[in-house]
Structure formats: C-alpha cells, structure tokens
Amino acid sequence: MKETNKTCLITGASSGIGKYIAYEMVHRGWRVVAIARRRNKLDELTEVLGRDNLIPMVCDVSEFDQVKDVSTELKNNNVCPTLFFLNAGDGTEEDDKGLDLELHRKIFDTNYFGTVNWINQWIVLLKERGGGTFVATSSIQSLRGMPGAAAYGASKSALNYCFESMDAMYCKDNIRFLLVYPGPVDTAMLKTNRPLPCTWKPQEAAKYIVRKVLRGSTKIQFPLFWVLIMRIVKLLPNRLYLRVFRMK
Ligand SMILES: NC(=O)c1ccc[n+]([C@@H]2O[C@H](COP(=O)([O-])OP(=O)(O)OC[C@H]3O[C@@H](n4cnc5c(N)ncnc54)[C@H](OP(=O)(O)O)[C@@H]3O)[C@@H](O)[C@H]2O)c1
C-alpha cells in the first residue's frame, strides 16, 4: 500500500450512502479505505472499483479495539487518509413497550462511539501533518424528538454537538468537522410502510454530499423539502407538535 495525498476513509461503505460515496470519491481520483462488517459486500465493491482504488477493511466500528487495529495497520502501511466519512449507522426503531437499555447502548456504540473512535485514532496525526477533515452522517431527525427514534435521534444529536465543539476547537489546526443531515434516502435503513415524498436515491445523496464536502460546506442538509419541513417542525409549539402524534 502506497501513500498518496488523496486518500479518504469511509465507514459503512458496504451499502447505501457510504457505498455510493466510495463510487464518487474513486471517480474523482481518490483512493478509498472502505470500512464495514460484511466482507462479501466489500469484496463486491472492490471488484467493481478496482484493487488500486479501494482498500477493503472489515471492522465493527462500535468495537474500539477493532478500530484501533485497523488504524494501526493503515499507519504501519503508510496509508494516512486526510478525509474521513464517518457514515456507519444503526437506525433500529423503538416500540412503546418500555425503554430498551441494550438497544440504546448498541445504537450509541455504533452511531456515536463508532464515529469518535476514529477521531481518537487519527486526530493527533492529522494535527502533526497540517490538517484534515472529519465528516459525520447525522440525520434531519436529530433536529426534534420523533417517536420511535429516542436512541437514534439522541445519538445523532450527540454527534452534532461533538462535531460543532470539535470544529471550534481544531479549526486553528486546519482540522474541520462537517455535519451531514440527510432526510429520507432510499436505502436498507429507510423502513417506512408508505413511500415518503422527496426521498432521494443513495447515488444522488452521495453525489451531493461529496460535492459539498469538497467545497468545504460545514452543514450539509437535503432534500430541500424535508429541510423546510423540519425548520417548521422545530418552530412548532410543543402542544401543537404533540397533537399530531396524539391523533395517530
Ligand atoms: N437512509 C436514510 O433515510 C437516512 C436518513 C438520515 C441519516 N441516515 C444515515 O446515513 C448513514 C448511512 O445509512 P444508509 O441509509 O446508507 O443505510 P444502510 O444502507 O443500512 O448503511 C448502513 C451502513 O453502516 C454499516 N454499519 C452499521 N453498523 C456498523 C458497525 N457496527 N460497524 C461497521 N459498519 C456498520 C453497514 O455495514 P455492515 O452491515 O456491512 O457493517 C452499512 O454499510 C447512517 O449513519 C444513517 O443513520 C440515513
């Protein structure tokens, strides 16, 4: 493995948005380190994008030791990404039969710690090397509490705060922390009975994210329809907001 300047790392690269971010980055001449748990999906992606362009690495991002081992292996082989798409996510919905602590822990381990584990492993090196960029895939759902998404929304809100705080702390070191807030995207994670209006294809979402990230946008939100809806929802007084859910 040889080091080039244009190397990025993508978590959750085996499907959905992350997989198409890998396509986009390779087409733009970047080498991609692709991270996920399903080896067969990573192998398929390597076949399509080519061994020179894609380094597949099996890793459960919620396991700190696995993130550490993968990071050490990359560093030992002089592969040092400067751009990290920290996109792996668990979107398991909750029911109203009580609060499942195990599920809350699992979702935080993937969505929150599965993101900050990578920052922990790489930020010092990026600082020494003069800068870099971390991009977290948050969610438009983190902007106001939604039923069935207590753990998911909370984990993404925690990421929002973490990234805003880290961006303010490290901008002087040329290390940026960007947040992506997708609305509905047609992937395995989007489990709805009725199709939602203005749902984007993952290819479309990936193209948009990559274009905005490479331009340095700090807050990336889409589709516009859902961005506007969420702005209105955020402004609704609590009584009105709850009435919508009581009617269900
Ligand atoms: N789809 C939407 O409507 C939507 C909306 C807002 C935000 N998002 C966010 O977008 C991101 C990508 O999701 P998606 O929609 O593209 O869904 P997806 O197709 O289900 O992709 C999820 C990805 O995360 C990986 N992953 C999950 N847990 C992991 C773990 N513990 N370790 C390593 N990789 C793990 C999966 O790979 P393996 O199973 O192979 O490990 C898969 O590649 C997520 O963060 C999600 O919260 C999605």
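Just so you know, ligand 1 is whichever comes first in the structure, and atom 1 is the first atom listed for that ligand. Values reported hereafter were calculated over all heavy atoms of this structure, with side chains retained and with hydrogens, waters and symmetry mates removed.
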Which one of [options] has a non-hydrogen atom at the shortest distance from [atom]?
| atom | options | value |
| --- | --- | --- |
| atom 7 (C) of ligand 1 | G89, G114, G91, S138 | S138 |
| atom 35 (C) of ligand 1 | A34, S142, A88, S62 | A88 |
| atom 3 (O) of ligand 1 | V185, D109, I10, T110 | V185 |
| atom 44 (C) of ligand 1 | V180, I140, N87 | N87 |
| atom 5 (C) of ligand 1 | A206, A188, A205, G183 | G183 |
| atom 1 (N) of ligand 1 | L86, I17, T187 | T187 |
| atom 13 (O) of ligand 1 | R38, R37, M189 | M189 |

So, does [X] use its side chain to make a donor-acceptor pair with the main chain of [Y] at under 3.5 Å?
| X | Y | result |
| --- | --- | --- |
| K41 | A13 | no |
| T218 | L178 | no |
| N111 | K156 | no |
| T110 | I107 | no |
| N120 | V116 | no |
| T199 | D186 | no |
| K127 | I175 | no |
| N117 | V61 | yes |

Mutual orientation of the aromatic rings belonging to W200 and F222 [parallel < 30°, tilted 30-60°, perpendicular > 60°]: parallel
Aromatic plane relationship, F108 with Y112 - under 30° parallel, 30 to 60° tilted, over 60° perpendicular: tilted
Polar atom proximity, G18 to ligand 1 (N or O, under 3.5 Å): no
Any N or O of S139 closer than 3.5 Å to N or O of ligand 1: no
Sub-4.0 Å heavy-atom approach of K156 to ligand 1: yes
Lys/Arg cation over aromatic Y20: K207, 6.0 Å, 45° cone: no
Identity and separation of the nearest protein heavy atom to [atom]:
| atom | result |
| --- | --- |
| atom 19 (O) of ligand 1 | S15 OG, 2.9 Å |
| atom 33 (C) of ligand 1 | C59 O, 3.3 Å |
| atom 36 (C) of ligand 1 | S14 OG, 3.8 Å |
| atom 32 (N) of ligand 1 | V61 N, 2.9 Å |
| atom 23 (C) of ligand 1 | G12 CA, 3.7 Å |
| atom 6 (C) of ligand 1 | P182 O, 3.3 Å |

Validation row: L179, E164 side chains within 4.5 angstrom (heavy atoms): yes
Enumerate the atoms of ligand 1 whose separation from the nearest heavy atom of [X] is less than 4.0 angstrom.
| X | answer |
| --- | --- |
| L190 | 3 (O) |
| D60 | 30 (C), 31 (N), 32 (N) |
| Y152 | 6 (C), 7 (C), 8 (N), 9 (C), 46 (C), 47 (O) |
| T137 | 9 (C), 10 (O), 11 (C), 45 (O) |
| G16 | 16 (O), 19 (O) |
| P184 | 3 (O) |

Path from L159 to Y170 over hydrophobic side-chain contacts below 4.5 Å: yes
Within reach of ligand 1, part of P202 (heavy-atom separation under 4.0 Å): neither
Ligand 1 contact on K41 by region, counting heavy-atom pairs under 4.0 Å: neither
Smallest separation among heavy atoms of T82 and L126, with atom names: CA-CD2, 4.3 Å
